[in-house]
Amino acid sequence: MHTPQNPSAERGSGWALTVLTLCAFTLGTGEIMIAGLLPEIADDAGVSLSTAGLLVSSFALTVVIGGPVLALTTGRARRRRLLIALMLTYVLGNVISAVAPSFWLLATGRIVAALAHSALMPLFFGIAADVVPPDKRGMAVARVSLGFSLAMIAGLPIGTALGQ
């Protein structure tokens, strides 16, 4: 039986993993829930459904391009400051999207959120791996990943229901 060397450190890492998992759930929900709202967005913005669908594509494209660029440009940044800055940027992008009076401002908010998202998930995984002993790193990363996966299962329907 494994006896923890420092029980308070293990509790602290458990708390950190819970927060990271909830953050991953939030990111996943913010990314995917718009898919369930596209018809309403198209109607409200006065655009076609296919144009509204560009909100999904532009988010994905921003993540694909932004992730490597941000990884290269923020590699030496202190993780705590980077985490706070990226989370604030993610919130800002979502607030812009939520209050946007036009489709193009909504798209801009989504792109801002996607840019932060592209760097946050790898950062979450890195922090998760660092707050646990080496033999528990795989479990820690899997736990954070579970938050993102649960967003697809629970966040999408909940977010769509609230959005409608």
Heavy-atom pair with the smallest gap, counting every atom of Ala119 and Leu86
CB-CD1, 3.6 Å

Just checking, any donor-acceptor pair under 3.5 angstrom between side chains of Thr62 and Arg110?
no

When you look at Ser48 and Thr51, which way does the side chain to side chain donor-acceptor pair (under 3.5 Å) test go after all the steps?
CA-CA 5 Å; Ser48 68; Thr51 299; 2.9 Å; yes

Minimum-distance pair of heavy atoms, taken over all atoms of Pro39 and Gly36
CD-O, 4.4 Å

Closest heavy-atom contact between Ala140 and Leu17?
CB-CD2, 3.8 Å

Testing the basics here: between Pro68 and Val63, what is the closest heavy-atom pair and its distance to 0.1 Å?
CD-O, 4.3 Å

Phe25 versus Ala154, closest heavy-atom pair with distance:
CE1-CB, 4.4 Å

Which pair of non-hydrogen atoms, one from Phe148 and one from Ala24, has the smallest distance, and what is that distance?
CD1-O, 3.6 Å

Hey, does the side chain of Ser102 reach the backbone of Leu105 with a donor-acceptor pair shorter than 3.5 angstrom?
yes

Is a donor on one side and an acceptor on the other found under 3.5 Å between the side chain of Ser118 and the backbone of Leu115?
yes

Nearest 0.5 Å, what's the CG-CG distance between Leu106 and Leu55?
5.0 Å

Parallel, tilted or perpendicular, judged at 30° and 60°: which one describes the rings of His117 and Tyr90?
tilted

Are any side-chain N or O atoms of Ser97 and backbone N or O atoms of Gly93, one a donor and one an acceptor, separated by less than 3.5 Å?
yes

For the CG atom of Leu83 and the CZ atom of Phe124, what is their distance to the nearest 0.5 Å?
6.0 Å

Quick one: pull up CD1 in Ile158 and CD1 in Ile153 and give me the separation to the nearest 0.5 Å.
11.0 Å

